[in-house]
Peer 1: 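Sharing a structure with you now.
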Amino acid sequence: MSNKYADRNRVVKTIFIVTGALFIVRLAMLQLFDPKYRELAEQQSLRPVTQYPARGFIYDRHGELLVHNEAIYDLMVIPRMVKGLDTNYFCDAVGITRDDFDARMKKARTYSPYSPSIFMKQISKEEYARWQNKAFRFKGFYISQRTLRIYDRPIAAQVLGYVGEVDQADLDRDPYYRMGDYIGKSGLEKSYEEVLRGVKGKKIMHVDALNREIGPYQNGALDTLPIEGCNLYTTLDADLQQYAEELMANKRGCVVAIEPSSGEVLAMVSAPCYDPNLLVGRIRGDNYRALNANIAKPMQNRALMEQYPPGSIFKVAQAVVALDLGVIQPNTGFVCDKSLVGCHNHPSAQTVPDAIKMSCNPYFYQVYRRVIQQNHDKSANRDSQYGLTVWHDYMLRFGFGKQLDIDLPKGGMASGNIPDTSFYNRWYGRRRWNFRTIYSNSIGQGEVAVVPLQMANLAATVANRGYYITPHMVRFYGPDSVRDERYTTRNETGIGRQHFEVAIRGMYGAVHEPGGTGHRADVPGLDVCGKTGTAENKGNDHSVFIAFAPRENPQIALAVYVENAAGGGGSWAAPIAGLLIERYINGEVKRKDVERQYREAAPCQKLPLPPHKAKKSKKKRQ
Amino acid sequence: MNPIERKKYDWLAIGLYLGIVIFGWLNIYSACYDPEHAAIFDLTLQHGRQLLWIAMALVLAIVILNVEPRFFADTSYIIYLVVIALLVLTLFIGNETNGGKSWIKIGSFKLQSSEFAKFATALAIAKYISAIDIDIAKFRTKATAIAIAAIPAGLILLQHDTGSALVFASFILPMFREGTSGMVLIVGLVAVVLFVLALLINKYVLIGIVAACCLFYLFVWLNKRTRRNYTNILAVFVVAVAFIFSVDMVFNHVLESHQRERIEVLLGKREDLLGAGYNVHQSKIAIGSGGFVGKGFLRGTVTKANFVPEQDTDFIFCTVGEEWGFLGSGLLIAAYVVLLVHLVSMAERQRSTFARFYGYSVASILFFHLMVNVGMVLGLLPVIGIPLPFFSYGGSSLLAFTFLLFIFIRQDADKNQLL
Ligand SMILES: [Zn+2]
């Protein structure tokens, strides 16, 4: 039997015991007799360094740089790694008080004791240089570099938007973001956030006892490179934008200019304007509060967020709808009967172009009556229901009564209002309303409400004789020049081209013929077509003007809206529109006196805005 | 001899097993501890999943303890063949890690077939050796036993899992107990020493030392110098010299570059604290900083900051060293040694060769894992990735080690019944 080898179990047991003893001796060497490892453990640390990709630049339609980045430095802390800190010395070095230090430390620790968070934002280059010399004394602290948005021209603040620190909602929504990250908060910065931001990279550095980086952790096996953000090539014309902002200075209101053939927005101004650089860097907090508290709401993009009664510009749309329905003919005339609705003194309109030119209210009362009461039903109320439904359909095809799908943030964007039957049923009760109840819509008052972008889109639709391309702010982005499919298709109104020509004869007359309401928009040598509007308001009325030029192959269509500007659309909005058209088509404005008059005019009380920041350098990037 | 004697489970072995498993889980929990997600039972985290594996392992243990002991002896070869088939299957449908296919994905569970090959091979060799007409002294017997171990080892090597393949060398110990010559152990030891010295010192100096040893043995140690002795010593000398010269060749051409680097780091020929030497350096820092009583449960800093890679699997011992100190890690080593020595004693009290051989296999396999894993973590052996039995994170290894141990405890419970 093999039991004669039973004694060999002692050999095996000895091997086991000796190995175990060897390990315990080794453990004793490491843990009890060699202080080296304890020191090493205390000295070394890992430092995750987020590598922020450069945010994409923003250009105007001619390739002029509108937004770029500049380097800034954040002071970071990993609370768990802060050891042996001479707090007073530290506070002196970075220039904060002891209380401030405690508050910041507490905030960082609450976020996470193990992960880095921003201790002090955007320290200056000088502070950064000072820091470099003392860094070794402040274990657990380090500098992280990132970039700041710089706006090359102080224009288009509401369109470009601004970037700000992520809030809790952003953190909850998208795990990409970490506390202290920056995100587009409004405008293009927000709507193109994912295009502009790129993808963050991560680097893990090994740090020694002197707080110096000694090399990448695990030779960079866990590191990822950042991917740069894409550049945006916008549709804006920076010169036109700046000029429009200058003209809108001291006023409240907005300007939207569109290239009709492409739907590209050339300028979008919301006055009062402010310098977008106000919302950059350390000064942002104070400026943000000041702007936010201003009752003129400068941060709001009025062109998208405000809805106004359109006033008489609405008559253009009524005319083409009635012509398309066949309820009037181009040479239909109506007496200016002021007992129906108020009007100014003018000869009665004999044709549709005349009525548009002179902006006769009773005329469009009659036109709207024929649209709403088409004698489909004996009951006036039921008949009006049918007519309103037909009309409502037409209006939606103009892009009214719904949000236009522009590439700016949809939050807060107004959709305007085009009342339908259910709207009036709710309002007055079923079949308790008819044309007589709703006739104000005919002249752009009553229940209709329109967003300025929709007004400019109306001008573009008329300029195109019947269709529009959804207005948009970005032509293409990124190295591959990505274009958005939404902005290449025509939205047809379904109304015949010839009907638009009739309306255009009226819009041309309004600017060029005697008795026209918009002659102040006239630019010598250009056949500007336009329509004035005055929207009733509790205070001073609003002044509106839509226009396009040239009459054939229009290059620009626009809407100008000036709030509380007494004197009607002809007196404020029309001349501003004329100047903008002159500037865009001719490249310069010859009528300096007109320019000066409207630039300086202040129709409403001036409101204090934060001072514009003095630009450090005006140099443009190559 | 009482045929109706009741089963007597070895509670010392079971107790040590439970103790090590629970202590292991505490350390996995600590290694993955994140103060922001401190939930204990969270299947998205390692410690949560390990809790599930432990529950499954305990169920498995109870099932094994209630199976007829003959069952494993009778089905040894079948189990072995099933596992071999599984290893072959892994080569084809396995999931790739580190360039080798070693996992089969079953749902979300990754089955590591190599873990199960160990107890299956132990059963198969035990069965073969215990056959009545077997004579361990015959070359044929030894060759067959080696082949039974070599087949799974070879297949695992094809999975690029060198560590697990090396485990099959453990069977040298049970074979030694059954009567093969102890020379294997001595020759193996000498070979390792020569290999290391050949890498460290000049080869001619080393040959001189070997020559001196041979002469010393011949003229001082031996009293009778026969002609046979002369030729034997000469043969040993020639083989040793050939071995020394082949070391470079093996080192540079047979080993893979990462294995070369690890050996160089171990021998101090390469200082690369951020590269190949990183793991062990950090591991030594973590353990060394633990001191006598350790930093306390969940209080480790080196392991918490994730300095040590794979700190929940192959480097789990770091957490023990850092948080429980010399006291905790020393006691853990002691617990393992007590279990191992006790397993040998248990094996010796078996009445069947099958059970005895299997018992020795269990002890040897566990010993090999302990030696290689802890030796690696303590910087005594090159980095070879194999888990610490019952302790490291991983479902396959915990279940397989539970199989291994409890089959033997079951055999032992019925040792007084004649098989
Ligand atoms: Zn009139």
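Chain letters run A, B, ... following the sequence lines, proteins first, then strands; residues in each count from 1.
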Peer 1: Side chain, backbone, both or neither: which part of B:Phe357 has an atom under 4.5 Å from a heavy atom of chain A?
Peer 2: neither
Peer 1: What part of A:Leu32 lies closer than 4.5 angstrom to a heavy atom of chain B: side chain, backbone, both or neither?
Peer 2: side chain
Peer 1: Under 6.0 Å from the NZ atom of B:Lys142, do we count more than 12 heavy atoms belonging to anything else shown?
Peer 2: yes
Peer 1: Considering only heavy atoms and a distance below 4.5 Å, find which of A:Ile24, A:Asp34, A:Ile15, A:Leu22 pairs most often with chain B.
Peer 2: A:Ile24
Peer 1: Where do A:Arg55 and A:Glu189 land on the side chain to side chain contact (heavy atoms under 4.5 Å, CB included) test, with the steps shown first?
Peer 2: CA-CA 10 Å; A:Arg55 199 171 171 89; A:Glu189 297 276 21; 2.9 Å; yes
Peer 1: For B:Val337, which atoms come within 4.5 Å of any heavy atom of chain A: side chain, backbone, both, or neither?
Peer 2: side chain
Peer 1: Do A:Lys13 and B:Ser345 get their side chains close enough for a donor-acceptor pair, meaning under 3.5 Å?
Peer 2: yes
Peer 1: Between CD of B:Gln350 and CG of B:Asp412, what distance do you get to the nearest 0.5 Å?
Peer 2: 4.5 Å
Peer 1: About how many Å separate CE of A:Met105 and OG1 of A:Thr110, when rounded to the nearest 0.5 Å?
Peer 2: 10.5 Å
Peer 1: Top residue by heavy-atom pair count (under 4.5 Å) with chain A, among B:Ser329, B:Gly321, B:Gly290, B:Ala347?
Peer 2: B:Ser329
Peer 1: May I ask you to check whether A:Phe90 and A:Phe141 place their ring centres under 6.0 Å from each other?
Peer 2: yes
Peer 1: Does any heavy atom of chain A fall under 4.5 Å from the side chain of B:Leu378, the backbone, both, or neither of them?
Peer 2: both
Peer 1: Taking side chain as everything from C-beta outward and backbone as N, CA, C, O, which of these in B:Phe176 sits under 4.5 Å from a heavy atom of chain A? Side chain, backbone, both or neither.
Peer 2: both
Peer 1: Less than 4.0 Å between a side-chain N and a carboxylate O, is that true for B:Lys138 and B:Asp135?
Peer 2: no
Peer 1: Go through it in stages, so that I can follow the logic: the residues are A:Asp74 and A:Ile123, the test is side chain to side chain contact (heavy atoms under 4.5 Å, CB included), and I'd like the CA-CA distance, side-chain angles, deciding distance and then a yes or no.
Peer 2: CA-CA 6 Å; A:Asp74 290 334; A:Ile123 63 172; over 6 Å; no
Peer 1: Nearest 0.5 angstrom please: B:Lys284 NZ to B:Leu380 CG, how far?
Peer 2: 8.5 Å
Peer 1: Of the listed residues (B:Leu343, B:Val344, B:Val338, B:Leu370), which shares the most heavy-atom pairs with chain A below a 4.5 Å separation?
Peer 2: B:Val344
Peer 1: Identify whether the distance between the nearest side-chain nitrogen and carboxylate oxygen of B:Glu178 and A:Arg8 falls below 4.0 Å.
Peer 2: no
Peer 1: Hey, which residues of residues 94-104 of chain A are touching chain B, say heavy atoms under 4.5 Å apart?
Peer 2: none
